[in-house]
Amino acid sequence: MMRDKLRGNGEKLKDGFVRVAALTPKIKVADCDYNTERIIELIKEASQKKASLVVFPEMCITGYTCGDLFLQETLLESAKRSLIKICNESLKYKNMLIFAGLPFEYNSKLYNVAAAINNGRILGLVPKKYLPNYGEFYERRQFTPGFDKCVNVEINGMYTLFGTNILFRCAGMDEFVVGAEICEDLWTPDPPSTKLALHGATVLVNCSASNETIGKRQYRTELVKNQSARLVSCYVYSSAGDGESTQDIVFGGHDIICENGTILGMSELFSGQQIYADIDLKKIKAERRRMTTFVPADDMSEWNEVVFEAYTASQIKLERHFDKTPFVPKNKKERNERCEEILNIQTFGLKKRLEHTKCKSAVVGISGGLDSTLALIVTVRAFDACGIDRSNITCVTMPCFGTTDRTYNNAVSLTKKLGATLREISIEKAVRQHFADIGHDESVHDVTYENGQARERTQILMDIANQTNGMVIGTGDMSELALGWATYNGDHMSMYGVNASVPKTLVRHLVRYYADICDDSELKGIFLDVLDTPVSPELLPPQEDGTIAQKTEDLVGPYELHDFFMYHILRFGVNPKKLFRIARCAFKGEFEDKEIYKWLRTFVWRFFAQQFKRSCLPDGPKVGSVAVSPRGDLRMPSDASSAVWMKELDEIKEENGF
């Protein structure tokens, strides 16, 4: 690989965030001076917003719709002068990589190119490889298809690379590598962007002039989304708009910024809207690192790499939206569809296990809480799918020292309304006998006091399963497993854990969804009261008024925060400093910085300390992209050290004066 000699002073890209822009200037066809002024105005605006990458449309310097005027030397020379002017102006607006389109003559042939400009230098000219010559397009009349292997061309005394095999790498930011293609290139069976990504480009840009016809906007949007997803990349698409000739076709200025299949920004047609977005290159890098099927190209001999300089992550204030509940869709229709899909995955996972074991009975420890309610819903659905009578589901309520009337009554009512068989077994006597046997003082409400109850309940469930030739259905959810908030060989154990990969924030919506679709108003009322009940293991005696004394989120922290931490750590390998930064953005106004830090530290410590519980989890169905099964997504040693993560947390504490 040929590598450019420039070495910048760019700060290391710690968080991975870079601001990019897709900008469409208003133009006049064949008026390069006018167009150049509009382009420079937008460059100035982008500089004020600290954009690191700016993409303009195809042929924006001349206008795409010049037709045979492209063959006129006057227009070609004017375009070249405009390119030089933009290049010189870029010295005023430093630390931006700018892509702008123009016609360029080489060896007496004309090429449709995207010029890459940075800090007063023309870094490269990338030619359009695939020229449309069908329908309303006649590009081969004026232009020649681009070529891969680069040559050096001279522009105003500067030599620059010309060819498609160019990567633009940011100084000090190894994750920030840009590759360019032009309009129709994306619409072909083998787009240049595929090769660019496999050779290292994490950001793909497209200078385009795509006209509007009925339905084309939707197709174009899906094309950009899918390409960014297939190539695990960011894709910045800028298309021609206002000012292009409307003699036969109309251009809507459709600009799109995508990140791995997700739209971060998109303009409305004919709006003149300019699009900015903060892309996450560390996220892209992490996803490529995780995917064994993303196989980089090994032949770099005919590729060229040019270095540019850009704004660093520390120089921008993030304007990106971070979803507080990444497991839960905001749109109600989408949320309901996801809930139904998850319930089906849980249901048919259990159905298969029942059929395989020829089991006609199931045992569920029913507490009146969210998790056991969801487990019972799934079991009922599985029994219905198998054609087994619901009375073969044995729901066992096991009141003890911390059981409240509210949860007890909900457990009883829920069991009866769903047609399952109820068994009530008080464990107080057995637990007291156990405390006497091991010499534990009942007045000492420590971990022995709590776990003794949890293990007694599990023993009863297992023995009843033996009695009924049944299967114990696990109730614990993924958030509890991530935190280790489960009693080892207590509620931690079952014969099939239907909730094992469902986070707590999603459990609530699954129960709510089932409440909304059930036809029984009384049953719906029970579900709603379960939803309104504080999350608690109920292992400590109630308060004097009979209400729950032990609230889980007071002890381990808000599940909304923990699910946010879990998603970003397990899905993208986010480090503590970055996670703290994005959590502050996501939960601004809800949690103080110090509180976010406290619970992040709790999550990290518990996650590492409690892996031994996850290393021996029962079977259970995976429902989403994040899971903690030792046989699937999380192959983690039980004795891994958290020292590196804790060191970074200490740095956060020191930097923020906590």
Side-chain angles (χ1 to χ4, degrees), residues 342-343 345-347 349-350 353-354 361-383 393-400 402-403 407-408 410-412 414-415 418 420-423 425 427 450-451 453-462 464-465 470-511 514 526-527 530-531 533-539 550 552 559 613-614 616-623 627-629:
I342 290 170
L343 285 171
I345 292 171
Q346 293 176 282
T347 297
L350 179 56
R353 183 54 54 92
L354 292 169
S361 170
V363 179
V364 182
I366 191 80
S367 68
L370 276 171
D371 289 344
S372 64
T373 297
L374 177 58
L376 179 55
I377 289 170
V378 171
T379 306
V380 164
R381 287 168 59 107
F383 270 55
I393 303 171
T394 303
C395 291
V396 187
T397 178
M398 295 165 279
C400 197
T403 304
T407 54
Y408 169 79
N410 281 338
V412 172
L414 190 62
T415 301
L418 288 174
T421 299
L422 179 68
R423 288 190 65 174
I425 302 173
I427 64 170
E450 295 185 29
N451 287 348
Q453 298 170 69
R455 291 195 179 98
E456 180 61 29
R457 286 182 172 130
T458 301
Q459 175 180 263
I460 288 172
L461 295 175
M462 292 290 180
I464 291 176
M471 178 184 298
V472 175
I473 307 303
T475 62
D477 64 59
M478 183 167 64
S479 303
E480 293 178 342
L481 293 171
L483 290 163
W485 191 250
T487 300
Y488 191 81
N489 206 32
D491 54 309
H492 152 263
M493 191 47 61
S494 67
M495 295 171 183
Y496 196 75
V498 293
N499 296 339
S501 62
V502 182
K504 184 74 80 177
T505 50
L506 194 51
V507 170
R508 301 190 65 86
H509 288 280
L510 289 165
V511 174
Y514 199 77
I526 299 169
F527 285 133
V530 170
L531 284 162
T533 304
V535 177
S536 172
E538 291 196 325
L539 297 172
Q550 186 184 26
T552 299
Y559 277 114
K613 294 179 182 177
R614 297 186 293 269
C616 56
L617 283 180
D619 291 351
K622 176 179 177 178
V623 302
V628 294
S629 168

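Quick note: residue numbers are just sequence positions, from 1. Side-chain atoms are counted along with the backbone in the values below, which use heavy atoms only and exclude waters and symmetry mates.
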K.L.:
Ile393 and side chain to side chain contact (heavy atoms under 4.5 Å, CB included): which single residue from Thr421, Val380, Ile366 fits?
P.N.:
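Only match with Ile393 under side chain to side chain contact (heavy atoms under 4.5 Å, CB included): Val380.
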K.L.:
Which value, rounded to the nearest 0.5 Å, describes the distance between Leu510 atom CG and Leu370 atom CG?
P.N.:
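Here the rounded value is 10.0 Å.
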K.L.:
Can you confirm whether Met398 sits close enough to Gln453 that some side-chain heavy atom of one is under 4.5 Å from a side-chain heavy atom of the other?
P.N.:
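No - every pair of side-chain heavy atoms lies 4.5 Å or more apart.
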K.L.:
Can you tell me how far apart OG1 (Thr407) and CG (Leu414) are? Round to the nearest 0.5 Å.
P.N.:
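It comes to 12.0 Å.
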K.L.:
May I ask you to test the Asn499-Val507 pair for a side-chain heavy-atom distance under 4.5 Å?
P.N.:
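They are not in contact (no side-chain heavy atoms under 4.5 Å apart), so the answer is no.
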K.L.:
Roughly how far apart are Ile460 CD1 and Arg455 CZ, rounded to 0.5 Å?
P.N.:
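Between atom CD1 of Ile460 and atom CZ of Arg455 there are 14.5 Å.
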K.L.:
Can you find a pair of side-chain heavy atoms, one from Trp485 and one from Lys613, that are under 4.5 Å apart?
P.N.:
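Answer no - side chains too far apart.
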K.L.:
So how far is it from Asp477 CG to Arg508 CZ, rounded to the nearest 0.5 Å?
P.N.:
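Answer rounded to 0.5 Å: 11.5 Å.
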K.L.:
Using the side chain to side chain donor-acceptor pair (under 3.5 Å) criterion, which residues pair with Thr505? Sequence neighbours excluded.
P.N.:
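Here the qualifying residues are Asp563.
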K.L.:
At their closest point, which heavy atom of Ser494 faces which heavy atom of Ile473, and how far apart are they?
P.N.:
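Ser494 and Ile473 have their closest heavy atoms at CB-C, 4.1 Å.
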K.L.:
By side chain to side chain donor-acceptor pair (under 3.5 Å), which residues pair with Ser372, not counting sequence neighbours?
P.N.:
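Listed in chain order: Ser367.
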K.L.:
May I ask you to decide if Gly490's main-chain N or O and Arg457's side chain share a donor-acceptor pair within less than 3.5 Å?
P.N.:
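Such a contact is absent between Arg457 side chain and Gly490 backbone.
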K.L.:
Identify the two heavy atoms, one from Ala411 and one from Thr397, that lie closest to each other, and give their separation to 0.1 Å.
P.N.:
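Closest heavy-atom pair between Ala411 and Thr397: CB-OG1, 4.5 Å.
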K.L.:
Taking salt bridge (Lys or Arg N to Asp or Glu O under 4.0 Å) as the cut-off, I'd like each qualifying pair that reaches into residues 362-371, sequence neighbours left out, listed once.
P.N.:
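Sorted result for residues 362-371: Asp371-Lys504.
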K.L.:
Is the closest side-chain heavy-atom distance between Ile425 and Ile464 below 4.5 Å?
P.N.:
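Sidechains of Ile464 and Ile425: in contact.
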K.L.:
Mind checking whether Met493 and Thr487 have side chains closer than 4.5 Å, heavy atoms only?
P.N.:
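With C-beta onward as the side chain, the pair stays apart.
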K.L.:
Rounded to the nearest 0.5 Å, what's the gap from SG on Cys395 to CZ on Arg423? Could you check?
P.N.:
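Between atom SG of Cys395 and atom CZ of Arg423 there are 12.0 Å.
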K.L.:
Using side chain to side chain contact (heavy atoms under 4.5 Å, CB included), reason through Asn489 and Thr458 one step at a time and then give a plain yes or no.
P.N.:
CA-CA 8 Å; Asn489 206 32; Thr458 301; 5.7 Å; no
K.L.:
Is there side-chain contact between Thr379 and Leu350, with heavy atoms separated by less than 4.5 Å?
P.N.:
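Yes; the side chains approach each other to less than 4.5 Å.
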K.L.:
Search all heavy atoms of Ala382 against all heavy atoms of Leu354 and return the closest pair with its distance.
P.N.:
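Heavy-atom minimum between the residues: CB-CD1, 4.2 Å.
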K.L.:
Hey, could you give me the OG1/OH distance between Thr373 and Tyr514, rounded to the nearest 0.5 Å?
P.N.:
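The OH atom of Tyr514 is 12.0 Å from OG1 of Thr373, to the nearest 0.5 Å.
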K.L.:
Ignoring hydrogens, what is the shortest heavy-atom contact between Gln346 and Pro621? Give both atom names and the distance.
P.N.:
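That closest heavy-atom pairing would be CA-CG, 4.0 Å.
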K.L.:
Measure across Cys616 and Tyr488 and return the closest heavy-atom pair with its distance rounded to 0.1 Å.
P.N.:
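Nearest pair, atom of Cys616 first, then Tyr488: SG-OH, 3.5 Å.
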K.L.:
Might you work through the side chain to side chain contact (heavy atoms under 4.5 Å, CB included) test for Leu374 and Leu343, ending with a clear yes or no?
P.N.:
CA-CA 9 Å; Leu374 177 58; Leu343 285 171; 3.9 Å; yes
